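What follows is one structure encoded as structure tokens, with my remarks underneath.
No hydrogens, no waters, no symmetry mates; every other heavy atom, side chains included, goes into these values. Please read all numbers here as calculations on a predicted model, not as lab measurements. Every chain is numbered from 1 and lettered A, B, ... according to where its sequence line falls, protein lines coming before strand lines.
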Amino acid sequence: MTAFLRPPKLDSILDGIGNTPLLRLRALEPKGVEIYAKLEFMNPGGSVKDRAARQIFLDAIACGELTKDKILIDSTSGNTGVAYSLLGAALGYRVTLVMPSNVTQARKDITRAFGTEIVFSDPMEGSDGAIRHVRRIVEADPERYYYPDQYSNASNWRGHYLGTGAEILSDLGDKITHFVTGLGTSGTMMGVTRRLKEHTRPIVCLAMEPADAAHGLEGLKHMDSSIVPPIYDRSLHDGTVTVDTDRGWDMSDRLVAELGLHVGHSAGANIFAAMRLANSLSEEGKTGCVVTIACDRGDRYFAPMRWEKRYQW
Amino acid sequence: MAISVRIPASLRTLTQGKEEVAAEGATVRAALDQLDKTHPGIKERLVDDKGVKRFMNIYLGDEDIRFLDALDTPLKDGDSLTIVPAIAGG
Ligand SMILES: Cc1ncc(COP(=O)(O)O)c(CN)c1O
């Protein structure tokens with residue numbers, strides 16, 4: 001098995017993407033079950049989406065679809081946008097993003113810092129509204145843009161198949177018994193699951209979704225009420241669990257206060273799902289090792305409305 | 001007080017797909033109580049025992065009701081409430 005090591009010197013910011021550490025969450029572990037979170041906020045763009053965006057960029061350049069005369073455009077709830085912006089700046093491509101105007105201010109500010117142009121879509125329509133909005137822009141001027149569409153692009157999950165999933169197996173050896181993570185585009189879940197399912201011993205892979213359509217877990221989709229991403233294949237994984245927004249938010253608060261782990265709410269919900277799974281295994285008298293993803297850092301959130309009196313629409 | 005309420009996509013399963021619905025009440029709280037009778041389940045998705053949920057925002061015109069009198073904010077005929085989730089989704 002190849003070892004994935006974090007190199008001490010980097011040639012390019014792109015080489016800083018991936019090889020993230022696994023943090024053992026001993027404080028949350030019941031008897032007999034280990035819990036690990038893969039710290040994806042340690043990617044240079046600060047989230048798990050750096051991996052998908054890098055794969056999308058590199059594959060599109062390699063096959064000639066993305067050229068310097070085109071503008072890369074996609075819809076995003078923020079983290080993919082930060083990642084595209086970073087890569088665009090580093091590789092010399094122009095980037096335009098369509099985001100619902102109710103994404104957090106931090107995401108708008110970070111993407112703009114890279115020189116990206118942002119088009120805001122209707123906050124009442126959520127991320128599906130951003131998808132429809134970007135399609136209209138591209139249809140009106142197809143020559144001008146390269147539209148990777150992260151929701152239907154196989155490079156999205158391939159970034160996780162080649163990176164995230166392979167790293168987990170390499171770093172935990174044969175120990176991992178369960179994997180659980182939340183669905184946004186489903187790229188993380190699809191890529192990691194495909195890789196883990198190739199392992200010689202079965203590993204149970206569970207997807208997590210917000211419990212309700214009207215949820216507050218940024219970056220995640222409630223599939224039944226959303227445009228289902230074409231890359232999402234329900235038959236790959238072993239089941240789906242749900243997490244209430246409040247459980248996810250409370251876990252994020254607990255992680256920062258008790259473990260010094262400052263993560264966003266999707267990471268809080270992921271870690272809640274991992275802990276609940278570990279508890280149920282332990283109650284059945286089983287041993288195991290549950291792995292999940294810490295998607296991004298908490299400073300990308302900072303309760304937007306508490307002191308920002310208005311949205312800037 | 002007859003008012004209108006704009007509904008975000010994530011709540012439209014409760015309003016038969018409608019983007020805007022009518023409600024009645026002298027305060028935001030009363031309007032939400034009445035709305036919950038015509039569209040059961042909507043109130044519990046917006047408020048909890050502490051008030052408007054952490055991840056939901058309710059605007060009266062362009063003002064977040066947290067900066068007015070929260071759920072006790074008075075309403076007048078023709079007012080418009082807008083429910084905006086604090087996040088965009090995935
Ligand atoms: C904060 C956050 N959490 C989780 C996810 C889900 O990742 P994926 O798109 O790979 O399913 C995203 C991306 N939408 C995200 O931005």
Practice item. Would you indicate whether A:Arg234, at its atom CZ, is surrounded by more than 12 heavy atoms from other residues, nucleotides or ligands within a distance under 6.0 Å? Key: no
**Study point:** A:Asn102 side-chain N/O to B:Val84 backbone N/O, donor-acceptor pair under 3.5 Å
**Key:** no
Point to revise | Spacing of B:Ile87 atom CD1 and A:Thr104 atom OG1 [to the nearest 0.5 Å] | key: 10.5 Å
Exercise for review: Would you give the length of the straight line joining atom CZ of B:Arg54 to atom OG1 of A:Thr245, rounded to the nearest 0.5 angstrom?
Suggested key: 9.0 Å
Study note, to complete from the structure: Taken to the nearest 0.5 Å, the spacing of B:Ser10 OG from A:His215 NE2 works out to 7.5 Å
Check your understanding: Where on B:Ile83 is there a heavy atom nearer than 4.5 Å to chain A: the side chain, the backbone, both, or neither?
Key -> backbone
Check your understanding: Would B:Arg6 and A:Met124 satisfy side-chain contact (heavy atoms from CB on, under 4.5 Å), going step by step from the backbone distance to the final call?
Key -> CA-CA 8 Å; B:Arg6 291 187 60 212; A:Met124 301 296 277; 3.6 Å; yes
Check your understanding: Is there side-chain contact between A:Leu217 and B:Phe55, with at least one heavy-atom pair below 4.5 Å?
Key -> no
Review point. For the side chain of A:Glu125 and the backbone of B:Ala9, is there at least one donor-acceptor N/O pair under 3.5 Å apart?
Key: no
Point to revise | Minimum-distance pair of heavy atoms, taken over all atoms of A:Glu218 and B:Ala88 | key: OE1-N, 2.9 Å
Point to revise | Under 4.5 Å from a heavy atom of chain A, the part of B:Leu46 involved | key: neither
Exercise for review: With a 4.5 angstrom heavy-atom cut-off, could you sort out which part of A:Asp246 is near chain B: side chain, backbone, both or neither?
Suggested key: both
Review point. Do the side chain of A:Ser77 and the main chain of B:Gly90 share a donor and acceptor less than 3.5 angstrom apart?
Key: no
**Study point:** Best-contacting candidate, A:Asp128, A:Thr185, A:Asp212, against chain B by heavy atom pairs under 4.5 angstrom
**Key:** A:Asp212
